[in-house]
**Q** 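Take this structure, written in structure tokens, and hold onto it; I'll ask about it next.
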Amino acid sequence: MRNVRFDELELILMAMFEQPTLKDTIQVLTEIQPLVAEDAEMSALVQQTIPKMQRLNEHQFKGLELEWYKPEEPNKKTGVAEK
């Protein structure tokens with residue numbers, strides 16, 4: 001098993017698009033590549049994250065605990081961000 005290290009932005013990206021499986025999450029990130037192509041930074045982030053994810057197995061992916069990196073959503077009543 002290879003040790004793959006992700007930086008915080010990569011983890012946030014994966015958390016934003018997390019699906020039930022590693023394969024499905026990689027598929028979604030692959031599908032968004034054309035949508036972010038004009039944003040150089042986002043495009044580079046997606047392009048560097050996918051190959052790293054492909055080196056993981058499902059167990060390692062679940063061990064990343066991506067819920068810690070999910071962006072906070074605003075409360076519909078107050079408009080204040082909360083987890």
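Hydrogens, waters and symmetry mates are skipped; everything else that's a heavy atom, side chains included, is used.
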**Q** Report the distance from atom CG of Leu64 to atom CZ of Phe6, rounding to the nearest 0.5 Å.
**A** 6.0 Å

**Q** Do you know the tightest heavy-atom contact between Leu56 and Phe61?
**A** CD1-CA, 4.3 Å

**Q** For Glu8, is the CD atom crowded, meaning more than 12 foreign heavy atoms sit under 6.0 Å from it?
**A** no

**Q** Report yes if the side chains of Met53 and Val4 come closer than 4.5 Å at any heavy-atom pair, otherwise no.
**A** no

**Q** Name the residue from Glu41, Gln48, Gln47 that meets the side-chain contact (heavy atoms from CB on, under 4.5 Å) definition with Leu45.
**A** Gln48

**Q** Just wondering, do Gln33 and Leu29 contact through their side chains at under 4.5 Å, heavy atoms?
**A** no

**Q** Can a donor-acceptor pair be found, under 3.5 Å and without considering hydrogens, that links the side chain of Glu58 to the backbone of Leu22?
**A** yes

**Q** Would you say Lys62 has more than 12 foreign heavy atoms packed within less than 6.0 Å of its NZ?
**A** yes

**Q** I'd like to know if the side chain of Thr30 reaches the main chain of Ile26, judged simply by a donor and an acceptor atom lying under 3.5 Å from each other, with no hydrogens or angles considered.
**A** yes

**Q** What's the spacing between Ile50 CD1 and Gln27 CD if we round to 0.5 Å?
**A** 9.0 Å

**Q** Hey, could you give me the CG/CG distance between Leu66 and Leu13, rounded to the nearest 0.5 Å?
**A** 10.0 Å

**Q** Is a side-chain N or O of Thr25 found less than 3.5 angstrom from the main chain of Glu18, in a donor-acceptor match?
**A** no

**Q** Tell me whether the count of non-hydrogen atoms from other residues, nucleotides or ligands lying under 6.0 Å of CD in Glu38 goes above 12.
**A** no

**Q** To the nearest 0.5 Å, tell me how far Met14 CE sits from Leu9 CG.
**A** 11.0 Å

**Q** Do the non-hydrogen side-chain atoms of Glu10 and Lys52 ever get within less than 4.5 Å of each other?
**A** yes

**Q** Closest approach of Glu31 and Pro34, non-hydrogen atoms and distance?
**A** O-CD, 3.3 Å

